[in-house]
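Just below is one structure, and these are the notes that go with it.
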Amino acid sequence: MTATLLDGKKIAAEIREEVGVKVKEFVQSGGPTPCLTAVLVGEDPASQVYVRNKSRACEKAGIDGRTLRLPVETTEQELLDVVRNLNADPAVHGILVQLPLPKDGNGGKGFDERLVLDAVDPRKDVDAFSPVNVGLLMQGRPRFLPCTPHGIVQLLHRENLSVAGKHVVVVGRSDIVGKPMAMMLAQRDGSCGPKVANATVTIAHSRTANLAEICRSADVLVAAVGVPEMIGGDMISDGAVVIDVGINRVADGAGGYKLVGDVNFDEAAKKASAITPVPGGVGPLTIAMLLHNTLLAAQAIFKK
Ligand SMILES: Nc1nc(=O)c2c([nH]1)NC[C@@H]1CN(c3ccc(C(=O)N[C@@H](CCC(=O)O)C(=O)O)cc3)C=[N+]21
């Protein structure tokens, strides 16, 4: 089988367009301009690319996208104060603390990431990382859907790829992708996104025995492990749908770098019925759903 390419970039552009229209309507009806503030500590190159993409996407959708750049020397206390000031600022609707926080930050001690993320007001937590938002999601009454899994749900929905009754294997159990992804696809009623529900879900990870065999039993495989090209063609059954969440920078052999996913694309594309590329797959969708959440946050705060 030769796979259809699932064009995340194109679908993300559609979603951003839709969000842009809704932002315009919201502002015309008297609402404030939705504002997303990203907090970027240090100078990690990948984080800089991501934050720049995000702020450009905000601008195009009529959202005020701000970036607070803090030096790597920032202390944990200072960072917590920054977050608390954003919580208290009525002009700011969404707050995103860019991860990972630098290992050499906070005077060389590194940051307690959990502590910093927990300081974000759950009503402004557009990443949906806070325990309150994770709990609401788990119970099928989400406030915000986490951006990457929601982007995947939108992709499946808009490509008419149903997961109902199918076996979805999620490889990876991170709080950001693996865990919420599994929960959302297994929901009874599609409360965690349009119609995309009722899957039978297996969560696999680095300690899974017979990983290849389990992956081969997947109708839909979601790879979110962060290991470059770990999922080979031998791990994919004929006709499976493959969603590659990995964004790994590897040497390109010419002194630069290139982006590869967690899936060996060329091998997988020979087996799968449909597959997301890297770049141009899940990454752009993550940003589109972040804009969506920022509008939701502004609407919820405005209603009060
Ligand atoms: N608080 C927080 N929230 C996040 O959502 C978050 C985060 N921290 N830290 C890092 C990860 C990763 N992530 C990406 C989003 C978009 C692309 C993206 O647009 N990628 C482009 C390529 C970009 C490039 O050229 O590097 C693509 O796949 O086509 C990549 C990575 C969000 N994350």
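One-based numbering, in listed order, for ligands and for the atoms of each. Side chains are part of it too, since the values below use all heavy atoms of this structure and drop only hydrogens, waters and symmetry mates. Heads up: numbering here begins at 1 and tracks the sequence. Please read all numbers here as calculations on a predicted model, not as lab measurements.
- Among all protein heavy atoms, the one lying closest to atom 25 (O) of ligand 1 is Leu259 CD1, 3.7 Å.
- The distance from ligand 1 to the heavy atoms of Pro284 drops below 4.0 Å at these ligand atoms: 19 (O), 27 (C), 28 (O), 29 (O).
- For atom 8 (N) of ligand 1, the nearest protein heavy atom (residue, atom name, distance) is Leu99 N, 3.1 Å.
- The closest approach between a heavy atom of Cys147 and any atom of ligand 1 is not below 4.0 Å.
- Defined by atom type and a distance below 3.5 Å, a donor-acceptor pair is missing between the side-chain atoms of Thr67 and Ser55.
- In terms of heavy-atom proximity, Leu156 sits nearest to Val163 at CD1-CG1, 4.0 Å.
- Looking from atom 11 (C) of ligand 1 to the surrounding protein, the closest heavy atom is Gln98 NE2, 4.6 Å.
- By the criterion of a heavy-atom distance under 4.0 Å, the backbone of Val97, and not its side chain, is placed next to ligand 1.
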Sequence neighbours excluded and cut-off under 3.5 Å, please list the side-chain donor-acceptor pairs for residues 11-20, or say none.
from	atom 1	to	atom 2	distance (Å)
Glu18	OE1	Arg158	NH2	2.9
Glu18	OE2	Arg158	NH1	2.9

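- For atom 5 (O) of ligand 1, the nearest non-hydrogen atom of the protein is Tyr50 OH, 3.4 Å.
- Across all non-hydrogen atoms, the minimal contact from Leu211 to His205 is CD1-O, 4.5 Å.
- Across all non-hydrogen atoms, the minimal contact from Ile63 to Pro34 is CG2-O, 3.3 Å.
- Judged by the shortest distance from any of its heavy atoms, Val49 lies inside the 4.0 Å radius around the atoms of ligand 1.
- Between Ser174 and Pro180, the shortest heavy-atom contact is O-CD, 3.7 Å.
- Ranking protein heavy atoms by distance to atom 16 (C) of ligand 1, first place goes to Gly283 O, 3.3 Å.
- Shortest contact from atom 31 (C) of ligand 1 to any protein heavy atom: Ile247 CD1, 4.0 Å.
- Distance from atom 29 (O) of ligand 1 to its nearest protein heavy atom, with residue and atom name: Gly280 N, 2.6 Å.
- Each of Val196, Val241, Leu285 was scored for a side chain to side chain contact (heavy atoms under 4.5 Å, CB included) with Leu155, with one residue passing: Leu285.
- Nearest to atom 2 (C) of ligand 1 among the protein's heavy atoms is Asp127 OD2, 3.5 Å.
- The distance from ligand 1 to the heavy atoms of Phe129 drops below 4.0 Å at these ligand atoms: 1 (N).
- Val21 belongs to no hydrophobic cluster with other residues, because no ILVMFWY side-chain heavy atom falls under 4.5 Å from its own, directly or through intermediates.
- Taking each heavy atom of Ala218 and Ala240 in turn, the nearest pair found is O-CB, 3.7 Å.
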